[in-house]
Structures are given as structure tokens and as C-alpha cells.
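Heads up: the structure comes next, in C-alpha cells.
Residue numbering restarts at 1 for every chain, and letters A, B, ... go by the order of the sequence lines.
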Protein chains: 2
Amino acid sequence: MKKSGKNIHTDTICAVDYAFQRIGGKHKGRVIYHLRNGVRRYGELRKIMTGITPKMLTQVLRELEDDELITRHVYLEVPPRVEYQLTDTGRELLPFITLLSEWGARQMGREPQCQPVLAGQSGMPA
Amino acid sequence: MKKSGKNIHTDTICAVDYAFQRIGGKHKGRVIYHLRNGVRRYGELRKIMTGITPKMLTQVLRELEDDELITRHVYLEVPPRVEYQLTDTGRELLPFITLLSEWGARQMGREPQCQPVLAGQSGMPA
DNA sequence: CAGCATCCCCAGAGATACTG
DNA sequence: CAGTATCTCTGGGGATGCTG
């Protein structure tokens with residue numbers, strides 16, 4: 001539910017701070033990044049997102065969902081399947097993630113080992 | 001790289017993750033943002049950066065310095081004066097901070113209460 | 001003024017086990 | 001498969017006081 005005792009950006013003062021409270025978590029940016037090209041299953045994310053426990057991954061996904069940056073689709077089948085994808089709002093963050101990725105790559109002095117943000121068909125907010 | 005017992009981005013896998021480890025802290029983005037127009041004294045930052053204790057502010061500033069995103073200039077005078085400003089690398093992050101700020105402002109449905117990233121006109125203390 | 005030292009505390013992250 | 005539930009423990013961060 002949206003009750004969310006954790007995601008309170010109520011006392012926020014400026015837009016930068018506000019934004020950082022929504023995507024500033026240690027793993028949130030990475031999750032958004034890995035959803036850049038569409039749907040991902042929980043297990044896929046778990047494999048990709050090394051260095052984070054399932055519990056944390058779930059928690060981060062829930063927070064992003066509460067923040068309406070991603071959606072969660074549960075398929076009632078056996079075995080169960082849960083798919084995540086970015087909302088429009090979440091997609092709006094991709095340009096910024098791209099910039100960040102490019103900067104990071106420059107800093108690392110080599111190509112990023114994750115794929116770049118392709119998503120040619122993603123409706124960029126004009 | 002500096003010694004930095006905290007800022008170890010050695011086990012980093014991708015550029016996004018790497019970048020987030022450097023600017024992903026809760027307050028780092030805000031500090032960078034508030035240094036966008038040039039030099040700031042410690043006390044200025046302390047006034048601007050509400051919701052963060054001096055200890056934390058100092059710590060964040062140190063981390064940013066270790067990461068070579070900001071420089072720290074100490075003036076040996078009485079009373080003491082310490083000035084911070086962005087390095088070139090730090091300045092490269094401004095476009096991204098701008099994007100983030102704009103997104104945050106849109107999400108908040110109103111104008112950001114911090115000034116936009118544009119050179120100082122309105123009453124910048126010298 | 002611009003910090004650092006110290007004490008303290010609890011929220012957040014890990015590990016493990018279980019379930020629809 | 002995709003999570004929850006519980007228990008634990010650590011270290012991040014607050015409060016306070018001191019100093020160059």
C-alpha cells in the first residue's frame with residue numbers, strides 16, 4: 001500500500017533534494033537503469049543486480065512502485081511470475097540516467113559494462 | 001585514488017552504479033547543486049543545507065573532496081575561512097543535476113525553491 | 001568560524017527459514 | 001518462482017562539548 005512510512009518527501013525544500021529522495025537510494029538508479037529497455041522479471045533483476053540481497057531488492061522495488069516510478073504485474077500462474085517496468089514518470093528519468101552513465105563511464109576511463117540506454121521507441125517527454 | 005575508507009568504488013560493475021556510488025549519497029547532489037555558481041563557505045552551506053547536521057555536512061564535503069568533485073581551500077586567518085568549490089569533474093555533473101532538478105520540479109508541480117543553475121545575479125555574497 | 005571528539009541509539013541491512 | 005517473517009547486529013547519524 002501507499003501508506004509508506006519510508007517515502008516521505010513532505011519536508012522537502014527544493015527540487016534537487018526532492019528528486020534525490022526519490023531516486024537517491026543506493027540501488028534505485030540501478031534498478032531504473034536495468035528497466036530501461038522494458039519488462040524485467042524479479043529473478044532477472046536479482047541476477048543482474050549483484051551486491052544486493054533479495055530482501056533489499058524487494059524493498060527497493062516496493063519503494064519505486066509506491067513512488068510510481070515502476071509498475072508491478074503479478075501473473076497468477078504456476079510457477080509465479082512478476083514483471084516490473086518503468087512508468088512514464090520513471091521513463092522521464094532515463095535521459096538523466098544516461099548522462100550519469102556517460103559521466104561514470106568517462107570517469108572510469110572505459111566503456112560502461114552495462115548497455116547504454118537505447119530505448120529508441122520510448123516516448124521522450126517533448 | 002585517495003585512501004578513502006568509505007568511498008570504495010572498486011567492486012563497481014557498471015557506470016551507473018559507479019556514478020551512484022560517487023554522488024548517490026543523500027546530500028551529495030544538493031551540495032553539488034549549491035556549489036553550482038562558484039565558491040561557498042562552510043557556514044553558507046550550513047545555512048543553506050537545512051536538515052543536515054554540521055557533522056554530516058563536513059563528512060559529505062570530505063567525501064566529495066576525496067572523490068575530487070570539490071576542492072577545499074583553507075585561509076589561515078582569524079576568524080578562519082574555508083571555501084569549497086566544484087572541480088572540473090564536479091562541474092561536469094551540473095547538466096545532470098539540472099535535469100534532475102527539472103524533473104523534480106515537474107513532479108512537485110511547482111517551481112523549485114532553489115534557484116536554477118544559472119550564473120549568480122541575485123545577491124550572491126562575495 | 002570551522003570543524004573534530006565522544007557518547008549513544010535505533011533504523012536499516014544481513015542471514016536464515018518458511019510459504020502461496 | 002517470488003517473495004514474506006523473524007531475529008540479529010552493526011554502523012550511520014544525532015546530540016553535545018571542546019579547540020585551533
Side-chain angles (χ1 to χ4, degrees), chain A residues 1 3-11 17 20-31 34-35 39-67 70-85, chain B residues 3-9 11 17 20-31 34-35 39-67 70-85 125-126:
Chain A
M1 239 321 264
K3 59 177 199 164
S4 79
K6 338 203 80 170
N7 304 334
I8 23 134
H9 353 91
T10 45
D11 57 335
D17 196 21
F20 261 83
Q21 288 183 52
R22 283 184 69 169
I23 58 113
K26 195 163 51 172
H27 308 285
K28 284 187 180 179
R30 217 153 105 238
V31 170
H34 286 298
L35 290 177
V39 164
R40 287 284 183 189
R41 297 183 58 168
Y42 178 82
E44 290 185 272
L45 289 173
R46 192 185 334 197
K47 270 172 225 143
I48 298 172
M49 302 271 301
T50 57
I52 179 175
T53 58
K55 172 184 162 185
M56 280 295 98
L57 178 56
T58 298
Q59 179 179 310
V60 166
L61 288 168
R62 287 294 187 281
E63 289 175 9
L64 289 171
E65 192 194 357
D66 285 350
D67 269 351
I70 67 173
T71 55
R72 179 172 181 265
H73 287 284
V74 183
Y75 295 85
L76 292 181
E77 45 186 57
V78 176
R81 180 160 52 112
V82 179
E83 291 182 345
Y84 296 91
Q85 66 179 319
Chain B
K3 46 180 177 181
S4 76
K6 339 203 76 174
N7 306 333
I8 24 135
H9 354 91
D11 57 335
D17 197 21
F20 259 83
Q21 288 182 54
R22 282 185 72 168
I23 58 112
K26 194 163 52 173
H27 308 285
K28 285 187 180 179
R30 216 153 105 238
V31 170
H34 286 299
L35 290 176
V39 164
R40 287 283 182 190
R41 297 183 57 169
Y42 177 82
E44 291 185 272
L45 289 173
R46 199 203 306 215
K47 271 172 227 143
I48 298 172
M49 301 270 301
T50 57
I52 179 177
T53 58
K55 173 183 165 185
M56 279 296 98
L57 178 57
T58 297
Q59 178 179 310
V60 166
L61 288 168
R62 287 296 186 285
E63 290 176 9
L64 288 171
E65 192 194 357
D66 285 351
D67 269 351
I70 68 174
T71 56
R72 177 170 181 266
H73 211 101
V74 182
Y75 295 86
L76 292 180
E77 46 188 58
V78 176
R81 180 160 52 111
V82 179
E83 290 182 345
Y84 295 92
Q85 66 179 320

**Item:** Test item: B:Val82 and B:Arg72 side chains (from C-beta on) under 4.5 Å apart, heavy atoms
**Value:** yes
Readout for nucleotides 15-20 of chain C: B = base within 4.0 Å of protein heavy atom, S = sugar-phosphate only, - = neither; 5' to 3' it is B----B
Check whether any side-chain heavy atom of B:Val74 sits under 4.5 Å from a side-chain heavy atom of B:Tyr42, and report yes or no. no
Check your understanding: Is the distance from OP1 or OP2 of C:dA2 to the nearest side-chain N or O of B:Arg81 less than 4.0 Å?
Key -> no
To the nearest angstrom, the CD1-C1' distance between A:Ile52 and C:dG12 comes to 13 Å
Residues passing the salt bridge (Lys or Arg N to Asp or Glu O under 4.0 Å) test with B:Arg46, sequence neighbours excluded, are none
Query raised in the report: Below 4.0 angstrom from OP1 or OP2 of D:dC1, is there any side-chain N or O of A:Arg46?
Result: no
When rounded to whole Å, the NZ to C1' distance for the pair B:Lys26 and C:dG12 reads 12 Å
Salt bridge (Lys or Arg N to Asp or Glu O under 4.0 Å) filter on A:Arg81, not counting sequence neighbours, yields A:Glu77, A:Glu83
To the nearest 0.5 Å, atom NE2 of B:His27 lies from atom CD of B:Glu63 at 10.5 Å
Assert: residue with more 5' nearest nucleotide on DNA chain C, out of B:Thr58 and B:Pro79, is B:Pro79
Whole-Å distance, B:Leu76 CG to C:dA2 P, equals 13 Å
Here the distance between atom C1' of C:dG3 and atom NE2 of B:His73, to the nearest Å, is 17 Å
Hits for side chain to side chain contact (heavy atoms under 4.5 Å, CB included) against A:Arg40, two or more places apart or cross-chain, chain-then-number order -> A:Leu35, A:Glu44, A:Leu45, A:Ile48
query = Reckon B:Arg72 has a side-chain N or O less than 4.0 Å from the OP1 or OP2 of C:dA2?
reply = no
B:Glu83 CD to C:dG3 C1', in whole Å, measures 16 Å
Whole-Å distance, B:His27 NE2 to D:dG14 P, equals 7 Å
Exercise. Can a side chain N or O of B:Tyr84 be found less than 4.0 Å away from OP1 or OP2 on C:dG3?
Worked result: yes
The reported gap from CG in A:Asp66 to CG in A:Leu61 (rounded to nearest 0.5 angstrom) is 11.0 Å
Taking only N and O in the side chain of A:Gln59, is any of them less than 4.0 Å away from OP1 or OP2 of C:dG12?
no
When rounded to the nearest 0.5 Å, the distance separating NZ of A:Lys47 from CZ of A:Arg41 is 8.0 Å
By ring pair (Phe, Tyr, Trp, His ring centres under 6.0 Å), B:Tyr75 pairs with (sequence neighbours left out) B:His73
To the nearest angstrom, the CG-C1' distance between A:Leu45 and D:dG3 comes to 13 Å
Separation of D:dG12 atom P from B:Met56 atom CE, nearest Å, is 9 Å
Rounded to 10°, the angle between the first-five-pair and last-five-pair axes of the helix from C:dC1-D:dG20 to C:dG20-D:dC1 is 70°
